[in-house]
Amino acid sequence: MSERDAETLTQITRQEGYTSSDDLLNADLVIINTCCVRESAENKILGKIGELKKLKEKNPNLKIAISGCMVQQPGALERLQKRAPHIDIWAGTHNLHDFSALLHQAEQGGKVAEVWQEPKMPLESTPQAEKGKLQANVNIMYGCNNFCSYCIVPHVRGRERSRKPEEIIQEITDLVSSGCREVTLLGQNVNSYGKEFSPVYDFADLLHDVDQIPNLLRIRFITSHPKDLSDKLIETVAGGNKLCEHFHLPIQSGSNFILERMNRKYTREYYLSRVNKIHEILPKASLTTDIIVGFPGESEIDFEQTLEIMNMIHYSHAFTFMYSKRSGTLAAEMEDQISLDVKKRRLQRLMSVQNVKSLAWREQMIGNTYEILVEGPSRTNPERLVGRTRGNELVVFNGPSELIGSLLNIRITEAGTWTLVGDIED
Ligand code: 5AD
Ligand code: SF4
């Protein structure tokens, strides 16, 4: 979501005549689009803000903007402004569309800060994804109503708002005309898309309609909240042509006690029943997840239950995090916070379990053939090409650059924890 916002900021600044540069020392404008989901992200940003002060001393014409979630947190702006008076523009998550106006004021030599507490702009005026790229992220909704007790997102992104299907379909059709072949539909909880619509039109309906867009090759979506993952959605993915059989289904914890304290509104049994349903309808679907260790009150037994579930479910990848206290959330007020040492130890154990599982998942792919969308040269080995399976697994292979943007069949020959190696099938 933040990546998509950063793209919007890039587009706005381009329209204002700026071009991208790798030369930080001579830049006229630096924007840091921030995240605040965990303290580690915030600390990195604070470090960067400090470094930029030195840059501004060398280049007094430099304008610096800090935008996004970190700025949007209740009470954060005043604190940040005091700490970093050298910043020219502060813009909250609800103010990105108006960035050019803020930029004009800063160019005149002023310091500006705009952080609306609520989104005031109509959804129709939200900037569209950048054209001309093979892959695009498309916002289908904004905000979140779930208030998981650890999470700052609902506090900085506001309540759920769904874009109209016609607008989403038009945006994707335009993207496809400009060369896009894969879209990822974005929402904090895509499964509650369209809840406010009458007549009824839900996320499965949207997927079905996006699947009809000609010349689009693939459709992905993130993130699915397990509590709202309907049979209709799984069946729609199964019945689609371009709908990729991959579900990012964050479990967060394998303990019912912790899930309840997290306010996730499902039990491990319910989660497992959803996974079983996916496998029943789509036996080859890939699953990925997010897990937090060291949530307040998590005992060794609770943690063991998370490990147990990781061993039961064949995730192709898991994003694992240590719980990070976010002020303003319910969990930050809970008494039984877990020490950093314990959190680190649990994270290590979890990661070593998942690494074995990820490798096993990829090893069972060896010898089989998968459809790959060729993305471009491999970052680690630019002589080779890289692409993804429908399940979102990364595959490296030899081939000419003319293949970029096309679908190919690749037979997997080698597997690692994170990537696969394969050969083009004749
Ligand atoms: N601490 C640790 N991880 C968190 N996440 C969200 N909030 C926190 C927090 N306070 C994780 C969740 C979510 C992912 C995007 O980030 O696992 O799914
Ligand atoms: Fe945060 Fe929960 Fe909303 Fe995801 S569903 S953004 S974890 S509050």
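Source: prediction; values computed, not measured. One-based numbering, in listed order, for ligands and for the atoms of each. The figures here come from the full heavy-atom set of this structure, side chains too, leaving out hydrogens, waters and symmetry mates.
- Using a 4.0 Å cut-off between charged side-chain N and carboxylate O, Glu245 and Lys284 make no salt bridge.
- Ranking the protein heavy atoms by distance from atom 10 (N) of ligand 1 puts Ser324 O, 2.7 Å first.
- For atom 7 (S) of ligand 2, the closest non-hydrogen atom of the protein is Tyr150 OH, 3.4 Å.
- Counting heavy atoms only, Asp290 comes closest to atom 13 (C) of ligand 1 of the residues Asp290, Val293, Ile292, Ile152.
- The single protein non-hydrogen atom nearest to atom 2 (C) of ligand 1 is Met322 O, 3.3 Å, given as residue, atom name and distance.
- Those atoms of ligand 1 with a heavy atom of Tyr323 less than 4.0 angstrom away are 1 (N), 2 (C).
- In this structure, Arg349 forms no cation-pi arrangement with Phe303, as its terminal cationic atom is not both closer than 6.0 Å to the ring centre and no more than 45° off the ring axis.
- At the top of the distance list for atom 5 (S) of ligand 2, counting protein heavy atoms only, stands Asn146 ND2, 3.4 Å.
- Inclusion of His225 in the first shell of atom 3 (Fe) of ligand 2 is not supported: no N, O or S atom falls under 2.8 Å.
- Regarding atom 2 (Fe) of ligand 2, its nearest protein heavy-atom neighbour is Cys148 SG, 2.3 Å.
- Between Phe203 and Phe221, the ring planes are perpendicular. Angles over 60° get that label, and only those under 30° would be called parallel.
- Tyr315 has its side chain out of reach of Lys357: every pair of non-hydrogen atoms, C-beta onward, lies at least 4.5 Å apart.
- Ser253 and Thr306 make their closest contact through OG-OG1, 3.6 Å (heavy atoms, listed as atom of the first residue, atom of the second, distance).
- Residues Leu46 and Met70 form a side-chain contact, since some pair of their non-hydrogen atoms from C-beta on lies under 4.5 Å apart.
- Ring planes of Phe197 and Tyr201: tilted class, angle from 30 to 60°.
- With ligand atoms numbered from 1 in the order given, ligand 1 contributes 10 (N) to contacts under 4.0 Å with heavy atoms of Arg326.
- Residue contact annotation: Cys151 places an N/O/S atom under 2.8 Å from atom 1 (Fe) of ligand 2.
- Under the 3.5 Å distance criterion, with hydrogens and angles disregarded, a donor-acceptor pair is assigned to the side chains of Ser299 and Asp302.
- Atom 4 (Fe) of ligand 2 has as its closest protein heavy atom Gln188 O, 4.4 Å.
- Using a 4.0 Å cut-off between heavy atoms, Gln252 contacts ligand 1 through its side chain alone, with no backbone atom that close.
- When the shell of 6.0 Å around NZ of Lys48 is examined, it contains 12 or fewer heavy atoms from other residues, nucleotides or ligands.
- For Gln354 and Thr320, the side-chain atoms include no donor-acceptor pair closer than 3.5 Å.
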Which is it for Trp418 and His317 under the ring-ring contact (aromatic ring centres under 6.0 Å, His included) test, yes or no, and what are the steps along the way?
CA-CA 8 Å; Trp418 319 111; His317 185 76; 5.6 Å; yes
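- The ligand atoms of ligand 2 that sit less than 4.0 angstrom from a heavy atom of Phe147 are 8 (S).
- Residue-ligand proximity: Arg264 is placed with a non-hydrogen atom under 4.0 Å from ligand 2.
- In summary, Glu42 and Arg326 engage in a salt bridge, as defined by a charged side-chain N under 4.0 Å from a carboxylate O.
- Between Tyr150 and ligand 1, at least one pair of N/O atoms sits closer than 3.5 Å.
- Considering only non-hydrogen protein atoms, atom 16 (O) of ligand 1 sits nearest to Arg38 NH1, 2.9 Å.
- Set against the non-hydrogen atoms of Cys144, the atoms of ligand 2 under 4.0 Å away are 3 (Fe), 5 (S), 6 (S), 8 (S).
- Among protein heavy atoms, the minimum distance from atom 6 (C) of ligand 1 is reached at Val37 CG2, 3.4 Å.
- The ligand atoms of ligand 1 that sit less than 4.0 angstrom from a heavy atom of Phe321 are 3 (N), 11 (C), 14 (C), 16 (O), 17 (O).
- Of all atoms in ligand 2, numbered sequentially from 1 with element shown, those under 4.0 Å from a heavy atom of Pro154 are 8 (S).
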